[in-house]
2 protein chains.
Amino acid sequence: MASTIKDIARRLNISVSTVSYALNGGPRSVPEEVRDKVLTVARELDYRPNRVARSLITRRSHVLGIIPHRSSRDLILGPFMQHVLNGILNEAELMMQHVLIFTRCDEKDTAGTMDQFLGGHVDGLVFISSDGLEPVLEELRHRNFPHVALSARRGASPTVTVDNVNGVERAMAHLYGLGHRKIGHLRGIPTHYDGWERHEAYSDFMRRHGLPINPSWIVDGRFTPFDGRCAALKILDRPDRPTAVFAANDEMALGLLEAARELGISVPSQLSVVGFDDSPHAALCYPRLTTVRQPLNDIGAAAARMLLDIIEERDPVTSLRFGTELVIRDTTARPTEDQS
Amino acid sequence: MASTIKDIARRLNISVSTVSYALNGGPRSVPEEVRDKVLTVARELDYRPNRVARSLITRRSHVLGIIPHRSSRDLILGPFMQHVLNGILNEAELMMQHVLIFTRCDEKDTAGTMDQFLGGHVDGLVFISSDGLEPVLEELRHRNFPHVALSARRGASPTVTVDNVNGVERAMAHLYGLGHRKIGHLRGIPTHYDGWERHEAYSDFMRRHGLPINPSWIVDGRFTPFDGRCAALKILDRPDRPTAVFAANDEMALGLLEAARELGISVPSQLSVVGFDDSPHAALCYPRLTTVRQPLNDIGAAAARMLLDIIEERDPVTSLRFGTELVIRDTTARPTEDQS
DNA sequence: AACGTTTCGCGAAACGTTTCGGAAGTGGAA
DNA sequence: TTCCACTTCCGAAACGTTTCGCGAAACGTT
């Protein structure tokens with residue numbers, strides 16, 4: 001139904017090549033006069049170029065692919081995914097690229113997954129989390145297909161990461177400086193790289209400062225407020241509870257705050273809390289959350305830009321690491337006498 | 001570099017058509033034996049079908065397009081976009097479709113926009129908000145291109161909406177029932193259809209109950225916490241402030257809560273607040289927000305499903321409207337004596 | 001007049017598929 | 001033997017572009 005370049009050519013009794021050149025100021029020039037005629041007829045026929053046909057031949061779609069974490073049902077709802085995605089989208093807009101989100105991504109079916117990725121619909125891929133997808137990354141590297149991984153071990157593939165170790169260090173040092181010695185940890189799923197790294201940094205800090213690590217002060221959650229609340233109940237509802245808890249992200253810290261309220265534990269006087277992310281709600285909740293800020297929007301934007309650089313074969317920046325910043329608000333204070 | 005169907009054919013000295021049939025159990029049968037051989041060689045050559053070439057001929061990409069609100073820089077960050085997108089993504093996954101987010105969408109350049117949309121990269125479109133895009137919708141209708149609009153006037157295009165009128169009615173009736181007579185409104189941008197409809201419903205309620213509408217009790221914001229805070233300061237920081245405020249969404253209500261805290265106005269004893277959405281943080285903030293719940297995930301999922309129905313020419317469901325539910329939490333109470 | 005150099009334009013190949021028309025062969029029934 | 005139906009496979013067209021090679025014409029220089 002829709003008109004094509006051929007229809008224009010026929011109408012004007014000229015060849016399709018000429019039309020193509022006219023339409024996109026193509027690699028060869030066409031005289032002003034016929035150019036105008038082509039443009040007019042194109043408008044008359046309501047012509048729209050078929051970008052798919054074009055991609056087939058140019059091998060570029062101007063679309064960036066995104067692979068959300070596989071448990072995306074939950075994670076896309078979190079501020080992490082949200083802000084990173086926002087960063088990617090904003091940057092993609094500037095770079096005139098669209099963004100395709102791959103919904104199906106079965107890590108057990110590497111072949112099927114690759115079919116999707118390499119089908120030509122996207123020029124490159126951003127992995128929001130590489131958790132469980134190492135074989136896929138491996139094959140992409142092997143095929144030389146442009147990709148960038150976030151929240152991943154710095155390895156063979158290009159990565160954009162946040163300095164978790166440094167961020168956790170700041171958070172812990174803050175708590176330690178206030179006088180806390182009994183510090184618990186709401187840990188993210190340990191297969192998730194950030195979750196793992198933050199836990200490592202936490203353990204490392206505790207060890208280095210000779211603090212006791214009580215296993216029952218460390219509970220896992222999948223980065224959601226609900227999980228945070230459940231996990232927090234396990235940590236807090238016991239006689240020897242810690243005086244402070246470091247949560248692997250803000251969402252879980254929010255759940256923790258709720259749990260504390262339910263248990264009648266007042267924050268920060270009886271319990272200090274530090275989160276990670278500085279999501280918008282950290283400043284909006286009550287009491288306002290002390291947290292480690294990571295520039296999620298910038299991370300997303302950087303990933304998008306790095307990916308396009310790779311696609312267009314510019315400088316080979318292979319990895320980028322962003323810094324963090326401690327934002328001290330109202331959920332941290334000195335532990336009270338009777339606790340320490 | 002990558003191997004094609006032709007390579008397989010050459011290797012086996014058979015025709016490409018046979019390979020094609022073998023590969024996708026195609027419309028014609030091929031004997032078991034050659035089928036196996038084709039599959040083996042395909043694996044050997046690490047063959048990946050080129051989906052772009054396939055879409056060119058089948059005219060299907062199995063990708064659903066999404067057009068975020070044009071001021072997406074802000075809106076994608078809100079729970080509205082987030083949950084709707086989540087709903088779409090989940091449903092798309094079930095339906096084996098991927099999702100492409102159009103970043104560029106200049107409402108001034110209808111032609112350019114249409115080029116993007118009709119380029120063949122997507123089989124249909126979901127408009128998150130049709131605000132300002134009527135000409136585009138018009139043309140899509142004219143071309144019979146599958147699309148669904150959210151948060152839009154029920155018109156010629158298929159829509160999925162929420163019953164704003166009913167939702168606002170519940171919120172207002174709740175406040176009225178508690179004894180509030182001086183009720184303000186934190187309004188969303190009025191070009192946004194939901195924002196407009198909620199404001200209409202608010203005004204209508206006030207009129208019907210003979211309540212005074214004070215223009216300085218109505219301030220606009222772009223659905224963000226920051227805007228909510230700014231707008232709330234204007235409403236609250238004056239001698240004749242209302243005893244209750246209905247906010248067009250939860251994010252602004254959250255900003256309102258913050259503003260109230262800054263001004264030393266205690267919620268709910270001195271000020272009642274109702275939001276709209278029931279975003280996760282409504283239950284997590286303090287005091288917990290009374291709000292109108294709308295099933296954002298379901299709305300997104302329904303839109304995706306409706307779109308696919310249209311694409312695949314199944315039943316012609318033209319529009320769907322979801323109901324709301326009032327969730328009473330801790331930000332609403334009777335007005336105190338001295339206020340009324 | 002002979003010569004390069006541009007300009008202009010056409011035809012065709014290519015991108016990687018899907019799918020149609022039909023040819024050749026096989027087997028069974030009339 | 002003839003006819004029909006079925007299987008198996010090939011060649012080619014099609015989808016809508018981009019772009020290369022090449023020829024013809026036009027133009028100015030020697």
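Please read all numbers here as calculations on a predicted model, not as lab measurements. Just so it is clear: chains get the letters A, B, ... in the order the sequence lines come, proteins before strands, and each one is counted from 1.
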Is B/Arg28 side chain donor-acceptor paired with the C/dG22 base, going by distance under 3.5 Å alone?
yes
Short side-chain N/O contact from B/Ser20 to OP1 or OP2 of C/dT18, under 4.0 Å:
yes
Quick check for you: among C/dC15, C/dT17, D/dT18, whose closest atom lies nearest to any side-chain atom of A/Val16?
D/dT18
Judged by atom type as modelled, is there a donor-acceptor pair below 3.5 Å linking the side chain of A/Asp123 to the main-chain atoms of A/Leu64?
no
D/dG28: pairing nucleotide in any strand, Watson-Crick or G-U under 3.5 angstrom:
C/dC3
Measure from CG on B/Asn24 to P on C/dT17 and round the result to the nearest Å.
10 Å
A/Val52 near the nucleic acid: base, sugar-phosphate alone, or nothing, with a heavy-atom cut-off under 4.0 Å?
nothing
Main chain of A/Ala111, side chain of B/Arg48: is a donor-acceptor contact present, judged purely on distance under 3.5 Å?
yes
Winner on side-chain proximity to A/Arg59, out of D/dC9, D/dC15, C/dG16, is C/dG16
Pairing of A/Glu44 and A/Arg11 as salt bridge, 4.0 angstrom limit:
yes
Nearest to the side chain of A/Arg54, heavy atoms from C-beta on, is which of D/dG16, D/dT17, C/dT17?
D/dT17
Of A/Thr18 and B/Ala53, whose closest DNA chain D nucleotide lies nearer the 5' terminus?
B/Ala53
Would you kindly give the CZ-to-C1' distance between B/Arg51 and D/dC15, to the nearest whole Å?
18 Å
Would you kindly compare B/Ile57 and B/Pro31 by the position of their nearest DNA chain D nucleotide and give the one closer to the 5′ end?
B/Pro31
From D/dT18, C/dT18, C/dG16, pick the nucleotide closest to the side chain of B/Thr58?
C/dT18
Restricting to non-hydrogen atoms, name the atom on B/Gln97 and the atom on A/Thr103 that form the minimum distance, rounded to 0.1 Å.
O-OG1, 2.7 Å
Which of C/dG9, C/dT19, D/dC9 is nearest the side chain of B/Val34? It is D/dC9
Just how far, in rounded Å, is P of C/dT19 from CG of B/Leu23?
13 Å
When all nucleic acid strands are considered with a 4.0 Å heavy-atom cut-off, which category describes A/Arg48: base, sugar-phosphate, or nothing?
sugar-phosphate
Whole Å only: how far is the CD atom of A/Glu33 from the P atom of C/dT7?
17 Å
Under the 3.5 angstrom rule, does the side chain of A/Asp7 hit a backbone N or O of A/Thr4 as a donor-acceptor pair?
yes
Tell me the interatomic distance from A/Arg35, atom CZ, to C/dC8, atom C1', rounded to whole angstroms.
15 Å
Per atom distances to the B/Lys6 side chain, the nearest of D/dT17, C/dT17, D/dC9 is C/dT17
B/Leu56 atom CG is separated from C/dT17 atom P, nearest whole Å, by 12 Å
Side-chain contact check for B/Tyr47: nearest option of C/dT19, D/dT18, C/dT17 is C/dT17
Give the rounded distance in Å between these two atoms: CZ of A/Arg60 and P of D/dT19.
13 Å
Write down the distance between CD1 (A/Ile5) and P (C/dG11), rounded to a whole number of angstrom.
15 Å
Please determine if a side-chain N or O atom of A/Asn50 lies less than 4.0 Å away from the OP1 or OP2 oxygen of D/dC15.
no
Considering every strand and a 4.0 Å limit on heavy-atom distances, what is the contact class for B/Val30: base, sugar-phosphate, or nothing?
nothing
B/Arg141 with B/Glu138: basic N within carboxylate O range, under 4.0 Å:
yes
Of the listed D/dC20, D/dT18, D/dG16, the closest approach to the A/Ser17 side chain comes from D/dC20
Would you say a side-chain N or O of A/Thr4 is under 4.0 Å from OP1 or OP2 of D/dG16?
no
Hey, does the side chain of B/Ser20 reach the backbone of B/Val16 with a donor-acceptor pair shorter than 3.5 angstrom?
no
Does C/dT7 have OP1 or OP2 under 4.0 Å away from a side-chain N or O of A/Ser29?
no
Between A/Asn13 and B/Pro27, the residue closer to the 5' end of DNA chain C by nearest nucleotide is A/Asn13
